[in-house]
2 protein chains.
Amino acid sequence: MKIKKEVTIYDLAKELNYSPSTISRALNNHKSISKKTIKLIKEAAEEMGYRPNNLAAGLRNNKSNTIGVLISRINRPFMASLISGIEETARKAGHNVLISQSNDKYENEISNCNTLYDSRITGLIVSLSMETVEMEHFKKFVDKGIPIVFVDRVPDNFNSYKVVIDNYTAGYSATKHLIEQGCKRIAHFAGAQHRNVYRERKKGYLDALREHGLPIEDNLIVNFKTLSFEEGNKATKKLLKMGNPPDGIFSANDTAAVSAIMCAKKMGVEVPEELAVIGFNDDPIASIVQPSLSTVSHPASKMGAISAKRILDHSANTYDTELSEITVLGTEIVVRDSSRKKDIVLESE
Amino acid sequence: MKIKKEVTIYDLAKELNYSPSTISRALNNHKSISKKTIKLIKEAAEEMGYRPNNLAAGLRNNKSNTIGVLISRINRPFMASLISGIEETARKAGHNVLISQSNDKYENEISNCNTLYDSRITGLIVSLSMETVEMEHFKKFVDKGIPIVFVDRVPDNFNSYKVVIDNYTAGYSATKHLIEQGCKRIAHFAGAQHRNVYRERKKGYLDALREHGLPIEDNLIVNFKTLSFEEGNKATKKLLKMGNPPDGIFSANDTAAVSAIMCAKKMGVEVPEELAVIGFNDDPIASIVQPSLSTVSHPASKMGAISAKRILDHSANTYDTELSEITVLGTEIVVRDSSRKKDIVLESE
DNA sequence: ATAGTTAACGGAATCGATTGCGTAAATTAA
DNA sequence: TTAATTTACGCAATCGATTCCGTTAACTAT
């Protein structure tokens, strides 16, 4: 197998009797090069199979036109859509996307952080791992003026760009929806409380109960570790076996909510009549399960797009403001069969 | 915002009174540097916050320790798992992962190909876009000795590494399973026939019918464009309205299969009694839909891991053999309720 | 016609890490 | 003790693109 030699701007320079400077400028449409020359050089480049070397350009400019993404796992519907949005926006701007997953491990997050830094990324988009508390590993980006956008699972104690949904309002609305459907004893599947998303959702749940005069019962609030199907199953079984079982569940994610529906059905509990359920995320399974799952939908792909745009803008304006801008996106209550006990006037928010 | 200056090996050299060569070698554990010196230098590097510049190293070595991934879309369960497998394997070997989606457009695939090439990736992992026929855009990788691994949706006419599942056997087994359940008129939801995966699945379906003495009826074979939920819905409705409707469906993906189940239920057709359904992929929705969907599962994440390993091995052995190795992975028929008309001895393959 | 301006391009340093070749000192062999 | 190795390191070129200064020639204004 013969390996073809790389065509560089020096090869073009020699071939066309121009200096490498001129070749470089021509390829970048520099104004001090005549249209004619630019055309000539570009055509020759095309013909000779020239392809720019991003490593060389990156080294010289100390930037790689690459956005780094650091998330827990890719194969979750929300994360996949998020990345999709990032990729689309980045690519349109001529940027690449480097991905890395922490698998929710703090150690991995640190290590991936370093690796991404070593690639001299233009900016970093992060959704925190479940374990992360310390934020020290992000400091080196700040020191170097590399923008970080935290998305969805964001830190409380770190000043930076953030793109989130209004988890509080979503939790409040979801709970309120169940109340409006006539639920009196609403359980909550809560996620880890040190992560903003789950904490805010629970806050919304609590406030909704309070504001509608419903008592808060600790034994109706289940603290989950991972909000998995199995955990949801176990929790539901336990709840339904109570002497005084709940008549509604607001789950902080769809996976656990679906498991609740399936568990209830198996136990002969009617959904939504005896148990209304609402989830969070609007995963594909939500519209497939029967009865279909009411849930909270949020624009994952859009969040990705916005996050990417933040970084692109930042690097274009080169450190304009020091303001850490937080983008809060709205959510939408999607009412399906799992919670529809009455005819509803569709709410739009 | 003050931007800290980068710490380079030259800074370390000056600080420690060594030459940059020694610093570089020490950091790479070169054998000609004494253990003591290595330890000294590494500790100083750590303390001074030194971080290697991958761009510089990459330029010098003409490789970036980065694997490029070129797929249709990220937010499909199969693809997300595939990438996850790639990322995990790559990272363990100290490689990064660049992703790009073609959105099933030929144009995008070409453009992404070039962008990835420009980043001097170590190797490329590709699942072809729906539109792709010409393979010209991949030639430049071959010319440069950069390995390409085609995965799942692979070309017929291009010599390279390939990682696939045995679609033919899977299609055959899925159909055979329906036959064994007593189905006599089995429909097939077929994908675009210029893509190996769908073509092979259909071949398996046809052979299974033939070998079991069942007639092949053209009007039971539906050619899909995208195997979407909507398409599946429409096709199912049409099939069930026939004077002589099918009693089984083998769908080339789960999305369309699920839509078939839901459509049948809505039309009052019993699944699996009147219509047995089996899908392909074992997406999360398959185990959620009711009745749960029988399907073909395949190891997406493992495919990703193998693909990544191919590239890592290739670049380590620097052009060892010219053999284009094809890896074929097995699949498994997952029998669930949508096709279980009789008691089954679980098959394992 | 002459100074001033502009257009179009070239020279050479630079980004940070790597590495082939060379060398001085230390160690071993004989 | 002297030659032969080995150990431990330094010099300087190199990877490919970019860009700060120039420079030359053509052009414009007066």
Side-chain angles (χ1 to χ4, degrees), chain A residues 3-42 44-45 48-66 94 115 117-122 144, chain B residues 3-42 44-45 48-66 94 115 117-122 144:
Chain A
I3 311 288
K4 267 197 200 161
K5 191 77 179 59
E6 194 109 25
V7 178
T8 73
I9 57 169
Y10 295 96
D11 300 323
L12 286 172
K14 204 167 297 176
E15 182 74 18
L16 301 177
N17 278 320
Y18 278 114
S19 78
S21 330
T22 301
I23 305 291
S24 172
R25 291 194 181 101
L27 293 172
N28 289 308
N29 297 313
H30 195 283
K31 57 176 183 279
S32 80
I33 308 294
S34 75
K35 312 276 180 207
K36 237 194 314 183
T37 311
I38 289 183
K39 186 155 176 286
L40 181 81
I41 291 180
K42 282 193 172 176
M48 292 176 64
Y50 168 81
R51 282 269 104 204
N53 187 324
N54 284 345
L55 297 172
L59 172 60
R60 173 60 220 240
N61 301 327
N62 198 33
K63 68 186 169 105
S64 58
N65 275 22
T66 297
T115 313
Y117 178 87
D118 297 349
S119 291
R120 299 305 186 267
I121 53 176
T122 305
K144 279 288 309 294
Chain B
I3 311 289
K4 268 197 198 160
K5 192 75 179 58
E6 194 109 26
V7 179
T8 73
I9 56 169
Y10 293 95
D11 299 325
L12 285 172
K14 205 166 296 176
E15 183 74 18
L16 301 176
N17 278 320
Y18 277 114
S19 76
S21 329
T22 301
I23 305 291
S24 171
R25 292 194 179 101
L27 293 172
N28 289 308
N29 296 313
H30 195 283
K31 56 175 183 277
S32 79
I33 307 294
S34 74
K35 312 278 180 207
K36 237 193 318 183
T37 312
I38 289 183
K39 186 154 176 288
L40 180 82
I41 290 179
K42 281 192 173 176
M48 292 176 63
Y50 169 79
R51 281 269 104 203
N53 187 324
N54 284 345
L55 297 172
L59 171 61
R60 173 60 220 243
N61 301 327
N62 198 33
K63 69 187 168 100
S64 58
N65 275 20
T66 297
T115 312
Y117 178 87
D118 297 349
S119 292
R120 297 306 185 267
I121 54 176
T122 306
K144 279 289 310 294

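In what follows, every chain begins at residue 1, and chains take the letters A, B, ... in the order their sequences are listed.
Side-chain atoms of B/N53 lie closest to C/dA17 of the nucleotides D/dA17, C/dA17, D/dG16. With distances taken from any side-chain atom of A/T8 to the nucleotides C/dG11, D/dG16, D/dC11, the minimum falls on D/dG16.
For C/dC9, the OP1/OP2 oxygens have no side-chain nitrogen or oxygen of A/T22 closer than 4.0 Å. The phosphate of D/dT14 has neither OP1 nor OP2 within less than 4.0 Å of any side-chain N or O from A/Y10. Remark: B/T37 is in phosphate contact with D/dC9, judged by side-chain N or O atoms under 4.0 Å from OP1 or OP2. An OP1 or OP2 oxygen of D/dC9 is reached within less than 4.0 angstrom by no side-chain nitrogen or oxygen of B/S19. In terms of phosphate contacts, A/Y18 brings a side-chain nitrogen or oxygen within less than 4.0 Å of OP1 or OP2 of C/dC9. Residue B/S21 has no polar side-chain atom (N or O) positioned under 4.0 Å from OP1 or OP2 of C/dT18. Phosphate contact (OP1/OP2 of C/dC9, side-chain N/O of A/S34, threshold under 4.0 Å): present. The phosphate of D/dC15 has neither OP1 nor OP2 within less than 4.0 Å of any side-chain N or O from B/N61.
Going from atom CD1 of B/I41 over to atom C1' of D/dG10 covers 12 Å, rounded to whole Å. Across the protein-nucleic acid pair, B/N29 atom CG and C/dT18 atom P stand 12 Å apart, rounded to whole Å. Here the C1' atom of nucleotide C/dA17 and the NZ atom of B/K14 are 16 Å apart, to the nearest Å. When the P atom of D/dG16 is taken as reference, atom CD1 of A/I23 falls 15 Å away, rounded to whole Å. When the C1' atom of D/dC20 is taken as reference, atom NE2 of A/H30 falls 11 Å away, rounded to whole Å. Atom NZ in A/K36 sits roughly 13 Å away from atom P in D/dA26 (whole-Å rounding). When the C1' atom of D/dG16 is taken as reference, atom OH of A/Y50 falls 8 Å away, rounded to whole Å. The CG-P distance, from A/L16 to C/dA8, rounds to 18 Å in whole Å.
Evaluation of atom-type donor-acceptor distances gives no pair under 3.5 Å for the side chain of B/R60 against the base of C/dG20. For D/dG16, the base has no donor-acceptor partner in the side chain of B/R120 [N/O atoms by modelled type, under 3.5 angstrom].
For the pair A/T22/A/I33, a side-chain contact is recorded, criterion being any heavy-atom separation below 4.5 Å from C-beta on. Within the 4.5 Å cutoff, no side-chain heavy atoms of A/N54 are placed close to those of B/R120.
Projected onto DNA chain C by closest heavy-atom contact, B/A56 and A/R25 fall at different nucleotides, the more 5' of which corresponds to A/R25. When each of B/N62 and B/N17 is assigned the nucleotide of DNA chain D with its nearest heavy atom, B/N17 is the one assigned upstream, toward the 5' end.
Scanning both residues, A/I9 and A/S24, for their nearest heavy atoms gives CD1-CB, 4.4 Å.
Remark: A/E6 does not engage A/R51 in a salt bridge, criterion side-chain N to carboxylate O under 4.0 Å.
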For side-chain hydrogen bond (donor to acceptor under 3.5 Å, both in side chains), just list the numbers for B/N29 and B/K42, CA-CA rounded to whole Å, side-chain angles, deciding distance to a tenth of an Å, and then say yes or no. CA-CA 10 Å; B/N29 296 313; B/K42 281 192 173 176; 2.7 Å; yes
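Note that CG of B/L40 is 5.5 Å distant from OH of B/Y18, once rounded to the nearest 0.5 Å.
Looking at heavy-atom distances under 4.0 Å, A/N28 makes contact with sugar-phosphate atoms alone, never a base.
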